[in-house]
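Only a predicted model underlies this, so the values are computations on that prediction, with no experimental measurement involved. One-based numbering along the sequence shown. Values below: all heavy atoms of this structure, side chains included; hydrogens, waters and symmetry mates excluded.
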Amino acid sequence: MVTVFGIKNCDTIKKARRWLEAHGIDYRFHDYRADGLESELLNTFIAELGWEALLNTRGTTWRKLDEATRNSITDASAAAALMTETPAIIKRPLLWTPGKPMLLGFSESSYTQWFSSCGKATSE
């Protein structure tokens, strides 16, 4: 089963969930705020995708941080601590099926390609 990680009220998450539902793809939604994020799982994400990719430096949450905090995020450990404390700073959505490559972000073309490569057919 595919798990979609994100935050419920995020517009990009809403687009991704609509796309999944329109294509008849079963998924489980994991809300970082409501369901939390264990450090072991976050470290799995960082190991595969890299902390730089996961850290959303273009969003409002990042811009609201003071300059000293932003400047202190220089490695995976510092980024993981920030992402654990402030999960809204994690780029989303993140799709994960154990044993398959993770997909970060949303676009119709990337979802179509990802689900095709995972052996899950999509109906256009």
Q.
If you apply the rule ring-ring contact (aromatic ring centres under 6.0 Å, His included), what do you find for Tyr27 with Trp19, and how did you get there?
A. CA-CA 11 Å; Tyr27 67 93; Trp19 188 94; over 10 Å; no

Q: For Asn56 and Ile89, indicate whether the former's side chain and the latter's backbone hold a donor-acceptor pair under 3.5 Å.
A: no

Q) For the side chain of His23 and the backbone of Thr112, is there at least one donor-acceptor N/O pair under 3.5 Å apart? A) no

At what distance, to the nearest 0.5 angstrom, does [atom1] of [X] lie from [atom2] of [Y]?
X      : Y      : atom1 : atom2 : answer
Trp96  : Arg28  : CH2   : CZ    : 9.0 Å
Met83  : Leu37  : CE    : CG    : 9.0 Å
Ser107 : Gln113 : OG    : CD    : 9.0 Å
Leu54  : Arg92  : CG    : CZ    : 12.0 Å
Thr12  : Ile7   : OG1   : CD1   : 11.0 Å
Thr86  : Leu65  : OG1   : CG    : 6.5 Å

A side-chain contact here means heavy atoms from C-beta on lying under 4.5 Å apart; do [X] and [Y] qualify?
X     : Y      : answer
Ile73 : Trp62  : yes
Ile25 : Tyr111 : no
Thr97 : Met1   : no
Leu94 : Met102 : yes
Thr3  : Leu95  : no
Asn9  : Arg33  : yes

(Q) Tell me which pairs pass side chain to side chain donor-acceptor pair (under 3.5 Å) where either residue lies in residues 65-83, with sequence neighbours left out. (A) Asp66-Thr69

Closest heavy-atom contact between [X] and [Y]?
X      : Y      : answer
Lys8   : Lys14  : O-CE, 3.9 Å
Ser110 : Leu103 : O-CD2, 3.9 Å
Leu42  : Ala80  : CD2-O, 3.5 Å

**Q.** Linked, directly or transitively: Leu104 and Leu82 (ILVMFWY side chains, under 4.5 Å)
**A.** yes

Q: Flag yes if Leu49 and Leu41 sit in one hydrophobic cluster, no otherwise; membership is Ile, Leu, Val, Met, Phe, Trp, Tyr, and two members link when side-chain heavy atoms are under 4.5 Å apart.
A: yes

Q: Carefully, step by step, assess Phe115 and Val2 under the rule side-chain contact (heavy atoms from CB on, under 4.5 Å).
A: CA-CA 10 Å; Phe115 281 100; Val2 175; 3.7 Å; yes

Q) Hey, do the aromatic rings of Trp114 and Phe106 have their centres closer than 6.0 Å? A) no

Q | Intermediate values then yes/no, side-chain contact (heavy atoms from CB on, under 4.5 Å), Phe29 and Ile13 | A | CA-CA 10 Å; Phe29 180 66; Ile13 289 290; 3.6 Å; yes

(Q) Going by ring-ring contact (aromatic ring centres under 6.0 Å, His included), name the pairs with one or both residues in residues 31-50, residues two or more places apart or in two chains. (A) Phe5-Phe45

